[in-house]
Amino acid sequence: MAKIDGAKLMAQSLKSQGVDYMFGIVGFPVQQIAAEAQKAGIKYIGMRNEQSASYAAHAVGYLTGRPGACLTVSGPGVVHMLAGLANAQQNCWPMIGIGGASPTYQNGMGGFQEERQVQIAAPFCKFAHAVEHTHRIPFYVEMAVRQSIYGRPGATYLDMPDDIIKGEVDTDKIHMPPKCAEPPRMAAMADDIAKALAALQSAEKPLVVVGKGMAWSRAEDEVRAFIERTKLPFLASPMGKGVLDDNHPLSVGAARSLALKEADVIFVMGARLNWIMHYGQEPRFKKGVRIIQLDISPEAIGQNVPTEVALVGDGKAIVGQLNDALRSQQWFYAEGTPWRKAIAEAAAKNAKQIQPMIDDNSAPTNYYRALKDIAAWSPENAVIIGEGANTMDIGRTQLPNKSPRLRLDAGTYGTMGIGMGFAIAAAVVHPDRPIISVSGDSAIGFSGMEIETACRYNLPVKIVVLNNGGIGSGTEKYPEDPFNNPPRALIYGARYDKMMESFGGKGWFIDDPKDLRGALDAAMAHKGPALVNVKLHPNAGRKPQEFGWLTT
Ligand code: ADP
Ligand code: MG
């Protein structure tokens, strides 16, 4: 009778469920799973820390629509992976974590790296389970994949004890479930579609907020048709950027604060009124603002602000319904209203305020001047990753996205250190696209050793470090005793470019902005990984803000 072991069965189950990428670090007891994954045709990427592996796995999930897998050793490996499970869950992006575990027959004995893995993973997951029999591996893999992409997407976890991995079963006893289908698209009630349109038509100052749920649901064609048909002003969330072109004439991105503060009816689609959207509350929003909310998760409706019209279901399906309903109507939001004028004026005022910083050629440079060159250099089809407090926030406003799912950043959980994992994930799923990661010097430090991973696989990631020598801002004075340094201080002018060179990539160090564009072009022309390390003035900052966070 033919036999199959747990490692092979796990690899074949993943492949049959459309899991094509696995990021991990091998060791006891999972080496064989990685080896079998390669044999099964899964692309295995060996990383340097499980955190980055788990970040990469859910970036793959968001970019491809099928979860990426993260494979870790037992105990500490699983603990490191929690960072990615949590980030995936908060971002509503799918991934499947696979943790090796000490053998079941040593449970409770103080086994090597024994840990209560399912319990610690569970709070960060939609579904977490230990596989208790080798022959049930295909069942649990299908379950984990399905739960990760159906409904609100998120993280799942499977615990794989050593004896289950090594266990052998007769092949004729195995049931391989069919590949779990793409998530079904749920539509809204016809009544609610009519109510949503009526609410928008009754608005004096309407606004549409487009979130990353719309990018996930691949609703870009429907959303573009809806916006262009209704001529409603829209605001993209940080990773909703690109569902519509950031430079679309109806985008209010450059007048974000005013648009949120004064809108009287806001249609929130695939976004949450959480901290990123200032909870939908005063003073950032108008008191009594009327909310139309589209979300796949019914539990999300009404969070922080009561919802007037709830459209529960899939973004692509529901915006399609709205477009169908609009076919029998003449209405669109009028041209030349005072609301449109106020938005245009605020955008012009903001642009004027930052222009001097963009034009400032002094050395060392500032964020806006550096980002001017980075924006002009970034190809339209590039995946752009942003992390680091100022680097990400200012980058969000200065680096436009034209197409969906081309921006990845610290996201809902505000996780710094995602940059290298996301860049590696983007490079493996999009070998045809330029991958640009713009990191602060603090942010690159969290996962800097993954530069070795990028070099080992010769992934053509282009990393730009905006280097001000600190967490947030840098410092101009370093006291003699380093223990008196401000807690935010890092080495000013640290040579991250040389880290890249030490592993075989190319690096540039820029201390005068006049040299930046040339270095960026050379980095892009280089076939492998490259890092452009840009020294910023330690006090470089943002334009003056009325509110401290996500403004413009
Ligand atoms: P952003 O950070 O862009 O504001 P959030 O992550 O806060 O976005 O919100 C995204 C929302 O999209 C979540 O509430 C999630 O439930 C929802 N969502 C996920 N998938 C879909 C889908 N297929 N259709 C509609 N909404 C979705
Ligand atoms: Mg910094």
Side-chain angles (χ1 to χ4, degrees), residues 186-211 213-214 217 219-237 240 243-244 248-253 255-256 258-273 277 280-282 284-296 298 300-302 304-347:
M186 295 168 288
M189 305 293 284
D191 262 10
D192 292 330
I193 294 289
K195 278 188 208 151
L197 291 176
L200 284 168
Q201 288 162 11
S202 70
E204 210 172 300
K205 299 179 174 181
L207 179 67
V208 178
V209 171
V210 181
M214 303 312 280
S217 78
E220 50 267 20
D221 293 342
E222 288 75 11
V223 175
R224 193 182 317 108
F226 177 75
I227 292 292
E228 291 181 349
R229 169 68 181 75
T230 59
K231 300 195 187 344
L232 288 165
F234 74 92
L235 174 70
S237 77
V243 170
L244 288 143
H248 194 287
L250 289 164
S251 167
V252 305
R256 185 181 195 273
L258 175 106
L260 292 179
K261 194 159 85 178
E262 296 198 1
D264 59 352
V265 176
I266 304 186
F267 181 5
V268 182
M269 45 169 77
R272 283 168 285 182
L273 294 176
M277 286 294 162
Q281 293 175 358
E282 289 180 282
R284 301 295 303 265
F285 284 67
K286 192 183 169 77
K287 188 177 164 70
V289 59
R290 297 163 58 203
I291 301 289
I292 303 161
Q293 197 182 349
L294 186 173
D295 204 290
I296 200 158
I301 301 297
N304 300 324
V305 194
T307 299
E308 183 174 309
V309 186
L311 301 172
V312 176
D314 174 68
K316 186 179 176 75
I318 293 176
V319 181
Q321 286 180 285
L322 289 164
N323 290 339
D324 287 344
L326 281 163
R327 270 193 206 113
S328 58
Q329 301 189 9
Q330 299 297 317
W331 180 84
F332 61 90
Y333 180 62
E335 309 280 0
T337 62
W339 179 226
R340 289 199 201 276
K341 279 193 200 120
I343 290 169
E345 277 164 23

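Computed over heavy atoms, backbone and side chain alike; hydrogens, waters and symmetry mates excluded.
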What is the minimum heavy-atom distance between Gly211 and Ala271, and which atoms define it? CA-CB, 3.6 Å
d(Phe226 CZ, Leu197 CG) to nearest 0.5 Å is 6.0 Å
Ignoring hydrogens, what is the shortest heavy-atom contact between Val252 and Pro233? Give both atom names and the distance. CG1-CB, 3.6 Å
Within this structure, what is the CZ-CG distance for the pair Arg327 and Leu322, rounded to the nearest 0.5 Å? 11.5 Å
Do Arg229 side-chain atoms and Trp331 backbone N/O form a donor-acceptor pair below 3.5 Å? yes
Which heavy-atom pair separates Ala255 from Ala347 by the least distance, and what is that distance? CB-N, 3.8 Å
Are Arg340 and Leu250 packed together at the side-chain level, in the sense that at least one heavy-atom pair is separated by less than 4.5 angstrom? yes
Is there a side chain to side chain contact (heavy atoms under 4.5 Å, CB included) between Leu294 and Met214? Walk through the geometry before answering. CA-CA 10 Å; Leu294 186 173; Met214 303 312 280; 4.3 Å; yes
Over all heavy atoms of both residues, which pair between Ala259 and Leu207 is shortest? Give the atoms and the distance, please. O-CD2, 3.8 Å
Interatomic distance, CZ@Arg272 vs CD@Gln293, rounded to 0.5 Å, equals 11.0 Å
More than 12 heavy atoms of other residues, nucleotides or ligands under 6.0 Å from CD of Glu204: is that the case? no
Residues Gln329, Gln201; criterion side chain to side chain contact (heavy atoms under 4.5 Å, CB included); working and verdict: CA-CA 11 Å; Gln329 301 189 9; Gln201 288 162 11; 2.7 Å; yes
Show your working on side chain to side chain contact (heavy atoms under 4.5 Å, CB included) between Ile266 and Phe285 and close with a plain yes or no. CA-CA 10 Å; Ile266 304 186; Phe285 284 67; 3.5 Å; yes
Taking Ser217's backbone N and O only, do any of them form a donor-acceptor pair with Asp314's side chain (distance below 3.5 Å, no angle check)? no
Main-chain N/O of Ala188 paired with Gln321 side-chain donor or acceptor, under 3.5 Å: yes
N/O donor-acceptor pair under 3.5 Å between Asp264 side chain and Lys205 backbone: yes
Interatomic distance, Lys287 atom NZ to Gln281 atom CD [nearest 0.5 angstrom]: 10.5 Å
State, to 0.1 Å, how close Ser202 and Ala199 come at their nearest heavy-atom pair, and which atoms those are. OG-O, 2.7 Å
Out of curiosity, Tyr333 OH to Thr230 OG1, how far, rounded to the nearest 0.5 Å? 11.5 Å
How about CE on Met186, more than 12 heavy atoms from neighbouring residues, nucleotides or ligands closer than 6.0 Å, or not? yes
Using the rule side chain to side chain contact (heavy atoms under 4.5 Å, CB included), only one of Asp295, Ile301, Ile318, Thr307 pairs with Val312; which is it? Ile301
Looking at CD1 of Ile227 and CZ of Phe332, how far apart are the two atoms once the value is rounded to the nearest 0.5 Å? 14.5 Å
Please evaluate residues Phe267 and Leu232 with respect to the criterion side chain to side chain contact (heavy atoms under 4.5 Å, CB included), reporting the C-alpha separation (whole Å), side-chain torsions for both, the decisive distance (0.1 Å), and the verdict. CA-CA 10 Å; Phe267 181 5; Leu232 288 165; 5.7 Å; no
Nearest heavy atoms of Val305 and Gly280, plus distance in Å: CG2-O, 3.5 Å
